[in-house]
Amino acid sequence: MKFFNFHTHKYTNQSDVLELVNQYPQEFDASIPFYSIGIHPWYIVEDRVESDLEIMESKLQEMNCLAIGECGLDKRIEIPMELQQAVFEKQLLLAQKYGMPVVIHCVAAFQEVIAIKKKLQISVPMIIHGFSKKEQTAKQLLDNGFYISFGKYLLRNSELESVFKSIPNDRFFLETDTIEENIDVVYALAAKYKSVNLEEIQRQINSNFQAVFKKNLV
């Protein structure tokens, strides 16, 4: 596999790309080869949480489920933070139970996400997707054991170049999320920013994939 797309909402069926497609419990598509599944903070329905978690737990035991998520915290929505945190914590405990990495959605709540990781003593890999913040926030996340995934904002905001350069090579992933560009475009920019060739970025992502997902990119 030449490319790994860490987070996308659209399965494109490209032969040289392994796509980790985001799935929601109530809208599950069994035809997608590899996926993450989680309760996104935007779509929490309080009286449906337990049934969502039951669906998640059944899917987590299937071979093509690679991660939990996206899940997390978002301070810019109306869903109460207390409810968001409760749902997030339940998903993290599931991840810990099954040894699954977690795709994290975080908006203006990095301190809370770090605190929950510490409180629950979560040891499985936690990856912040769609990172767009400054180097100081990135460093704090790295110091607390997080991985960081870049995509949309790396392409759209040139100020992220210095942040991306500061990320250790064994702690990042690349993604498309909802953008139209293909993952190879993100890889090409990452290679430019890291001052290496495309093959080196491919080797590094492959290594990071093995470390986090305990599988080979085939």
Within 45° cone of F28 ring axis and under 6.0 Å: K59 NZ or CZ: yes
What ring-ring contact (aromatic ring centres under 6.0 Å, His included) pairs are there with at least one residue in residues 118-142, not counting sequence neighbours? H7-H129, F131-F150
Using modelled atom types only, decide if a donor and an acceptor are shared between the side chain of [X] and the backbone of [Y] within a distance under 3.5 Å.
| X | Y | value |
| --- | --- | --- |
| N182 | V185 | no |
| N5 | Y11 | no |
| D74 | W42 | no |
| E181 | V186 | no |

Taking distance alone, no hydrogens or angles, what donor-acceptor pairs closer than 3.5 Å link side-chain atoms of residues 62-69 to residues at least two apart or in another chain?
residue: E62; atom: OE1; partner: Y35; partner atom: OH; Å: 3.2
residue: N64; atom: ND2; partner: P33; partner atom: O; Å: 3.2

Pair Q202, N206 - check side-chain hydrogen bond (donor to acceptor under 3.5 Å, both in side chains), show working. CA-CA 6 Å; Q202 289 172 322; N206 197 332; over 6 Å; no
Using the rule that two of Ile, Leu, Val, Met, Phe, Trp, Tyr join whenever any of their side-chain heavy atoms come within less than 4.5 Å, decide whether V45 and I39 are in one cluster.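 Unlinked, V45 and I39 end up in two clusters.
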Would a single hydrophobic cluster contain both V107 and F146, if residues Ile, Leu, Val, Met, Phe, Trp and Tyr are joined by side-chain heavy-atom contacts under 4.5 Å?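 Looking at the clustering, V107 is in a separate group from F146.
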Using 4.0 Å as the upper bound for N to carboxylate O, is an ion pair formed by K10 and E19?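 Answer for the salt bridge query: no.
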Salt-bridge contact K139-E135 (side-chain N to carboxylate O under 4.0 Å): no
Can you establish whether the number of heavy atoms outside Q121 located under 6.0 Å from its atom CD is more than 12?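 Not more than 12 within 6.0 Å, no.
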Could you walk me through whether K75 and E112 pass salt bridge (Lys or Arg N to Asp or Glu O under 4.0 Å), step by step? CA-CA 10 Å; K75 284 189 175 176; E112 288 83 354; 2.6 Å; yes
Check the side chains of [Y] and [X] for a donor-acceptor pair under 3.5 angstrom, ignoring hydrogens and angles.
| X | Y | result |
| --- | --- | --- |
| E175 | T8 | no |
| D29 | Q23 | no |
| K117 | N144 | no |
| Q140 | Q111 | yes |

On the 0 to 90° scale, with breaks at 30° and 60°, tag the F164-Y193 ring pair as parallel, tilted or perpendicular. tilted
